[in-house]
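Data first, discussion second: the structure below is written as structure tokens.
Keep in mind it's a predicted model, so treat the numbers as computed, not measured. Below, each value reflects all heavy atoms present in this structure, side chains not excepted, and no hydrogens, waters or symmetry copies.
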Amino acid sequence: MTDLTVADPPPALARSHISSDLRAQRVRSAWVFLAPTLLVLAFVAGWPLVRTIYFSFTNASLTNLAGAEFIGFNNYLSWITLKSGRTSFRGLLADPTWWNAVWNTLKFTLVSVSIETVLGLVVALVLNAHFPGRGLVRAAILIPWAIPTIVSAKMWAWMLNDQFGILNDILLGLGLISQKIAWTANPDTAMLAVLIVDVWKTTPFMALLILAGLQMVPGDIYEAAKIDGVHPVRVFWRVTLPLIRPALMVAVIFRMLDALRIFDLIYVLTPNNVQTKTMSVLARENLFDFDKFAYGAAASTMLFLIIAAITVLYMWFGRVNFEGER
């Protein structure tokens with residue numbers, strides 16, 4: 001009778017099996033540690049979002065949420081045909097005030113994020129250089145970002161005041177204006193005032209994220225470029241910018257998400273200005289001030305969908321990789 005012996009698996013196959021088991025164990029461990037956080041997020045963010053979407057399809061009011069009745073898409077769009085034959089459209093999607101708020105939000109986001117990205121990149125390049133007191137400067141540059149937005153808004157509201165604001169005094173002293181300007185009340189300057197405050201406050205945030213990307217660039221590359229006599233401007237465009245692109249794209253999307261839901265800054269500086277009213281401000285007015293809770297819920301839902309759509313498109317066309325790989 002012949003003895004049958006089982007051959008040992010090849011070493012490469014054994015290592016592959018062990019590696020697969022370790023990877024599966026790490027994945028299970030990761031889910032175990034993430035489970036409490038995901039549960040908290042589902043309770044804190046997911047449940048209110050689901051409730052908001054539900055109320056947007058009802059006739060709920062702030063004083064009678066429990067008695068809300070389902071009315072379909074009427075809060076978004078409805079129409080009736082008059083006896084004259086003309087069709088009258090109602091709802092959020094037919095509301096010019098809503099589309100004005102959408103335009104204001106997109107305009108604010110595009111301008112503010114663009115300026116903050118350029119200025120943040122310049123500040124990050126300066127902070128990345130070696131000079132005495134660099135640590136102190138890095139800490140000081142974060143002060144505007146660390147100040148709560150409400151505090152910053154009230155501080156700038158005083159500075160932008162047309163009667164006793166310091167900004168008008170400075171511009172008058174320099175001869176740049178001939179009379180005092182009501183920055184936050186004037187329709188022509190209200191959005192500019194909001195942009196000035198937002199750029200002042202949020203540029204350090206962009207600089208911090210971009211600086212983190214600059215810290216990952218190997219110094220040997222710059223040494224080699226310096227030895228080869230490559231001009232610093234060319235080094236920036238050909239070396240620095242491509243290498244920090246992943247960090248730059250992530251910084252832009254974080255800032256863009258924050259800008260699209262801007263509320264507190266505009267609510268404090270220009271609460272009743274049509275030229276600066278954003279989607280968040282409009283949703284809040286309908287939810288609480290006008291007692292049109294279901295309509296405000298519809299505006300909040302549309303805000304969520306617009307932000308989600310813009311984020312997905314940005315990540316798709318920008319090829320954003322949150323793992324930091326190119």
Should we say atom [atom1] of [X] is surrounded by more than 12 heavy atoms from elsewhere, each under 6.0 Å from it?
X      : atom1 : result
Arg238 : CZ    : no
Phe73  : CZ    : no
Phe70  : CZ    : yes
Phe164 : CZ    : yes
Met155 : CE    : yes

Point-to-point distance, once rounded to the nearest 0.5 Å, from [atom1] of [X] to [atom2] of [Y]:
X      : Y      : atom1 : atom2 : value
Ile310 : Leu260 : CD1   : CG    : 5.0 Å
Asp220 : Ile227 : CG    : CD1   : 9.5 Å
Arg255 : Ser114 : CZ    : OG    : 11.0 Å
Ile244 : Met249 : CD1   : CE    : 12.0 Å
Ile262 : Thr202 : CD1   : OG1   : 7.5 Å

**Asked** Under 3.5 Å, is there a donor-acceptor pair between the side chain of Asn186 and the main chain of Ala182?
**Response** no
**Request:** Using atom types as modelled and distance alone, determine if a side-chain donor or acceptor of Asp162 lies under 3.5 Å from a backbone N or O of Lys180.
**Result:** no
**Message:** Quick test of your reading: applying ring-ring contact (aromatic ring centres under 6.0 Å, His included), list the pairs with at least one residue in residues 131-155, sequence neighbours left out, ordered by first then second residue.
**Reply:** Trp145-Phe205
**Asked** ring-ring contact (aromatic ring centres under 6.0 Å, His included): which pairs involve residues 270-302, sequence neighbours left out?
**Response** Phe55-Phe293
Identify the heavy atoms of [X] and [Y] that sit nearest to each other, and give their distance.
X      : Y      : answer
Leu209 : Ala247 : O-CB, 4.4 Å
Leu282 : Ala101 : CD2-CB, 4.1 Å
Leu119 : Val199 : CD1-CG1, 3.7 Å
Thr184 : Ala190 : O-CB, 4.0 Å

**Message:** Could you check whether Asp198 pairs with Lys201 (Lys NZ or Arg NE/NH1/NH2 to Asp/Glu carboxylate O, under 4.0 Å)?
**Reply:** no
**Asked** Could Glu285 and Lys292 be called an ion pair, given the rule that one side-chain N must be under 4.0 Å from one carboxylate O?
**Response** no
Going by distance alone, is a donor N or O of one side chain under 3.5 Å from an acceptor N or O of the other, for [X] and [Y]?
X      : Y      : answer
Thr270 : Thr276 : yes
Gln215 : Asn128 : yes
Trp183 : Asn168 : yes

